[in-house]
Protein chains: 2
Amino acid sequence: MMDLIGIREQISNAGLKVTPQRMLVLEAVSVMKNHPTADNIIDFIRKNHPNVAVGTIYKILDNFVEKGLIKMVKTDKDKMRYDSVLTNHHHLYCAGSDRIEDYEDNELNTLISNYFSTKTIDGFTIEDIKLQIIGRFTN
Amino acid sequence: MMDLIGIREQISNAGLKVTPQRMLVLEAVSVMKNHPTADNIIDFIRKNHPNVAVGTIYKILDNFVEKGLIKMVKTDKDKMRYDSVLTNHHHLYCAGSDRIEDYEDNELNTLISNYFSTKTIDGFTIEDIKLQIIGRFTN
DNA sequence: TTACTATATGAGAATAATTCTTAAAAAAGA
DNA sequence: TCTTTTTTAAGAATTATTCTCATATAGTAA
């Protein structure tokens, strides 16, 4: 479940001081699998630790993104969301709601990276490719 | 250049009343090819028509997105952006700045739609697929 | 352990983007 | 034209996020 030692290590290895607040944020993002917004994370943490400042949580999220501990997910509408899954994956976006799910597909990854190993884009160096698959969840 | 009759028609065909303000907004988004933010659009319009209300422009942008006349593009950090290009295209995102460019590639579109014509995603009906190609512009 | 220094935090003010409210104005239809 | 419905202007309100700065704490070195 919540491997506090692992979380402590991740923060430390990223070159950040380990603080109770950072532990709480990283634990929250790891536990909340639904691409939470900053606000979701704030609520989650403050339910049990009402003394943690909102600005602190925003700053910690920035720290973590900067150090690569978590990622930001771009959605069409609404606010910023965060993602603790760092393996290469794509996202399924519901056209009619806020729902976002991960989509992992190595065959697809291979197909795309093969394609771009021969094809280059003029004036642009590719670092990463993500698919936004928009549609409807049927469940 | 600015085909005012075409713009009028687009608005009308979308089932919206044609007003001067809507003409201005659709013309602005069509002319500004750089994925403008709401604020860019507001500045552009108010330079020549300072009497158009900010809230009106926001509401018109919403109308247009809802009717499919324009699209929203969201990037990692910053605000909402708008896009008038309705052909199927992808986006190049600069990892180090706000820059976004369109990327059209029919060969790629074919590749992907072929892939997903055989492969289905459990519990999900695909409506559209967009690539976010992240990297660096070399010019 | 204690002290030191850099960094992180809490609290709330400030800012920025967007939405809401309401009365007045204008569009489309009869 | 007159009527009905929709749209607009203006600015207040809301929401998300960033900033400020005094205090507190983590990591390190003695």
Side-chain angles (χ1 to χ4, degrees), chain A residues 4-5 7-26 28-29 35-46 48-67 69-70 72-82 98, chain B residues 4 7-29 35-46 48-67 69-70 72-82 98:
Chain A
L4 292 184
I5 305 209
I7 287 176
R8 171 178 293 276
E9 238 172 37
Q10 276 189 76
I11 296 170
S12 184
N13 290 343
L16 295 170
K17 288 188 179 172
V18 177
T19 67
Q21 293 84 349
R22 284 181 174 155
M23 296 280 289
L24 287 170
V25 173
L26 190 51
V29 179
H35 304 89
T37 62
D39 209 53
N40 296 150
I41 295 164
I42 289 164
D43 287 349
F44 183 93
I45 290 175
R46 285 166 67 99
N48 295 312
H49 304 269
N51 46 314
V52 178
V54 169
T56 300
I57 296 177
Y58 274 104
K59 202 184 305 165
I60 290 175
L61 288 168
D62 282 354
N63 296 157
F64 286 176
V65 170
E66 195 184 344
K67 298 293 183 180
L69 289 178
I70 62 177
M72 285 179 155
V73 184
K74 314 151 187 188
T75 94
D76 257 0
K77 280 196 180 289
D78 73 23
K79 19 228 123 116
M80 210 66 248
R81 293 173 174 228
Y82 297 88
D98 281 357
Chain B
L4 292 185
I7 287 176
R8 171 179 292 277
E9 236 172 40
Q10 276 190 75
I11 295 170
S12 183
N13 289 344
L16 295 170
K17 288 189 178 172
V18 176
T19 67
Q21 293 84 349
R22 283 181 176 156
M23 295 282 287
L24 288 171
V25 172
L26 191 51
E27 192 193 332
V29 179
H35 303 89
T37 63
D39 210 51
N40 297 149
I41 296 164
I42 289 164
D43 288 349
F44 182 95
I45 289 174
R46 285 166 66 99
N48 296 312
H49 304 270
N51 46 313
V52 178
V54 170
T56 301
I57 297 177
Y58 273 104
K59 201 182 308 167
I60 290 175
L61 287 169
D62 282 354
N63 294 158
F64 286 177
V65 169
E66 195 185 344
K67 298 294 185 181
L69 289 178
I70 63 177
M72 285 179 153
V73 183
K74 182 142 184 173
T75 89
D76 252 0
K77 277 200 177 281
D78 73 24
K79 17 224 124 125
M80 211 66 244
R81 292 171 175 231
Y82 297 89
D98 279 357

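These numbers come from a predicted model, not from an experiment. Every chain is numbered from 1 and lettered A, B, ... according to where its sequence line falls, protein lines coming before strand lines.
Heavy-atom distances to DNA chain D give each of R8(A) and G55(A) a nearest nucleotide, and the one nearer the 5′ end belongs to G55(A). Each of V18(A) and D39(A) lies near DNA chain D, and the nucleotide nearest D39(A) is the one positioned closer to the 5' end.
Within the structure, a side-chain polar atom (N or O) of Q21(B) is placed less than 4.0 Å from OP1 or OP2 of dA9(D).
Counting only heavy atoms from C-beta on, V52(A) has its side chain closest to dG10(C) among dT8(D), dG10(C), dA28(C). Among the nucleotides dG10(C), dA26(D), dT17(D), the one closest to any side-chain atom of P20(A) is dA26(D). The A38(B) side chain lies nearest to dT18(C) when the options are dT18(C), dT8(D), dT17(D). Taking every side-chain heavy atom of L16(B) into account, dT7(D) is the closest of dT7(D), dT17(D), dT9(C). Here the nucleotide nearest the side chain of A53(B), chosen from dT18(C), dT7(D), dA9(D), is dA9(D). Comparing dG10(C), dA16(D), dT8(D) against the side chain of Y58(A) picks out dA16(D) as the nearest. Among dT8(D), dT17(D), dA26(D), the nucleotide with an atom closest to any side-chain atom of T19(A) is dA26(D). When the nucleotides dT5(D), dA9(D), dT9(C) are ranked by their closest atom to the side chain of K17(B), dT5(D) comes out on top.
Regarding N63(B), its CG atom lies at a distance of 12 Å from the P atom of dT6(D), rounded to whole Å. Between I60(B) atom CD1 and dT7(D) atom P there is a gap of 9 Å when expressed in whole angstrom units. The interatomic distance linking D43(B) (CG) with dT18(C) (P) rounds to 12 Å, in whole Å. Between I57(A) atom CD1 and dT17(D) atom P there is a gap of 12 Å when expressed in whole angstrom units. Atom CG of L24(B) and atom P of dA26(C) are 15 Å apart (whole Å). The interatomic distance linking K59(B) (NZ) with dT6(D) (C1') rounds to 9 Å, in whole Å. Rounded to an integer number of Å, the gap from CD1 of I11(A) to C1' of dA26(D) is 12 Å. Atom CE of M23(A) is separated from atom P of dA8(C) by 16 Å (rounded to the nearest Å).
One distance of note links CD of E66(B) with CG of L61(B); it measures 12.5 Å at 0.5 Å rounding. Here the straight-line distance linking atom CD1 of I70(B) with atom CG of L26(B) works out to 7.5 Å at 0.5 Å rounding. Between Y82(B) atom OH and M72(B) atom CE the span is 4.0 Å, to the nearest 0.5 Å.
For the residue pair R81(B) and N40(B), no side-chain donor N or O sits within less than 3.5 Å of a side-chain acceptor on the partner.
R22(B) and N63(B) make their closest contact through NH2-OD1, 3.1 Å (heavy atoms, listed as atom of the first residue, atom of the second, distance).
Counting non-hydrogen atoms under 4.0 angstrom, N51(A) reaches the backbone sugars and phosphates but no base.
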